[in-house]
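Encoded as structure tokens, the structure appears first; notes follow it.
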Protein chains: 2
Amino acid sequence: MNIGEASSATGVSAKMIRYYESIGLIRAPLRTESNYRVYSSDEVHTLRFVKRARTLGFSVEETATLLGLWQDKERASAEVKSIATGHIGALETKIVELQSMVKTLKHLANCCGGDERPNCPILDDLAGETIKTKGH
Amino acid sequence: MNIGEASSATGVSAKMIRYYESIGLIRAPLRTESNYRVYSSDEVHTLRFVKRARTLGFSVEETATLLGLWQDKERASAEVKSIATGHIGALETKIVELQSMVKTLKHLANCCGGDERPNCPILDDLAGETIKTKGH
DNA sequence: TATAGAGGTTCCCATCATGGGAAGGTCAAG
DNA sequence: CTTGACCTTCCCATGATGGGAACCTCTATA
């Protein structure tokens, strides 16, 4: 299986496969006589593992750790679980931040006429002027 | 007001103030004879505008547009509102994605013993094996 | 069999927003 | 006058990805 086939089999672009190899996330595969990379089904499996971890939002570094644990038959599942829960915490923090941004923006957009007149509470807020909330 | 004072007055690092100037987001301020940047209160106000927009998750490019609209007394608030609502949409999409990641991870972490034994559903899932959900 | 085009290889550059740090100039307090 | 804090410019790094050039290789078809 050459790099193009491995790419479509895993959803990881050829560019990224080479990149992952260059940073040592995955091992360098064998080559044909004409220097083409050849991927075994094991290596494709590894690529799928990487793809899934990245999709779940793990950084490449975290992915490398998980990959190491995956390949270590003696590892304790506690270690994996702690990486996962740490990651859940980071994601949840991010979600809260985004939600707070959305909340503020919705409030502003709500107060903004969105018409032809120049008066605009959104810009006023960005400029630091306190917004007059209409009594609820 | 020199760059350090402008920085602590706005929460934008001196590094970033220079960067914003270099990419044309803000105008180059006057200089002292000894080549120090000097910021007027107007310029500090602009920096605060930028800071607030960035905090709300607008990209530098979007911020530039908003800044232009802010300085254009003739603009229609509709234009600003459309940028804001577009941005809200993007943030909400991101939130949904993150929530879906969290949901999956929580499910996995929940099924993972987190003990000394090597059996680990999180790694199994990453490796592409279907997880056996305990009947509820 | 010659050729076209699809796909491989390496290498360099760009992105986005930010920080680090070097080398050197300036200012204020002791 | 020295010290230390601050300013200046310039270059480099980050993380994950894509773009593209220059060149090589394979395969199908005219």
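Throughout, protein chains are lettered first and strands after them, A, B, ... in sequence-line order, and every chain is numbered starting at 1.
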Quickly work out the A:Glu33 CD to D:dC24 C1' distance and round it to whole Å.
15 Å

Is there a continuous path of hydrophobic side-chain contacts, each under 4.5 Å between heavy atoms, that joins A:Leu25 to A:Tyr39?
yes

Candidates D:dT8, C:dT18, C:dC27 - which lies nearest the side chain of B:Tyr20
C:dT18

Expressed as a whole number of angstroms, how long is the span from B:Ile17:CD1 to D:dT8:P?
9 Å

Whole-Å gap separating C1' (C:dT26) and CZ (B:Arg37)
15 Å

Taking CD from A:Glu21 and P from C:dG8, how many angstroms apart are they, rounded to a whole number?
14 Å

Here the distance between atom C1' of D:dG19 and atom CZ of A:Arg18, to the nearest Å, is 13 Å

Per B:Asn35 side chain, nearest of listed nucleotides D:dC6, D:dT17, D:dT8
D:dT8

Please write out each protein N/O paired with an N/O of nucleotides 20-22 of chain D under 3.5 Å, distance rounded to 0.1 Å.
unit_1 : atom_1 : unit_2  : atom_2 : d
D:dG20 : O6     : A:Lys15 : NZ     : 2.3

Mind calculating the distance between CD1 (B:Ile3) and C1' (C:dT26) to the nearest angstrom?
15 Å

Aromatic plane relationship, B:Phe49 with B:Trp70 - under 30° parallel, 30 to 60° tilted, over 60° perpendicular
parallel

So that I can tick it off, tell me whether B:Glu97 and A:Lys94 are bridged by a salt bridge, with the cut-off set at under 4.0 angstrom between side-chain N and carboxylate O.
no

What's the CZ-C1' distance between A:Arg31 and C:dT10, to the nearest Å?
10 Å

Per the atom types in the model, does the base of C:dG25 pair as donor or acceptor with the side chain of B:Tyr36 at under 3.5 Å?
yes

Under 4.0 Å between any heavy atoms, over every strand shown, what does B:Ser13 touch: base, sugar-phosphate, or nothing? Just pick one.
sugar-phosphate

Whole angstrom is fine here: how far is it from CE in A:Met1 over to C1' in C:dG7?
16 Å

Would you mind telling me which residue lines up with the more 5' stretch of DNA chain D, B:Ser34 or A:Glu61, judged by nearest nucleotide?
B:Ser34

Can you tell me if B:Glu43 and B:Ser40 form a side-chain donor-acceptor pair at under 3.5 Å?
yes

Do you reckon B:Leu47 sits in the same ILVMFWY cluster as B:Tyr36, going by side-chain contacts under 4.5 Å, direct or chained?
no

Basic-acidic side-chain contact under 4.0 Å: A:Glu21, A:Arg37
yes

Taking everything shown except B:Leu30 itself, do over 12 heavy atoms lie less than 6.0 Å from its CG?
no

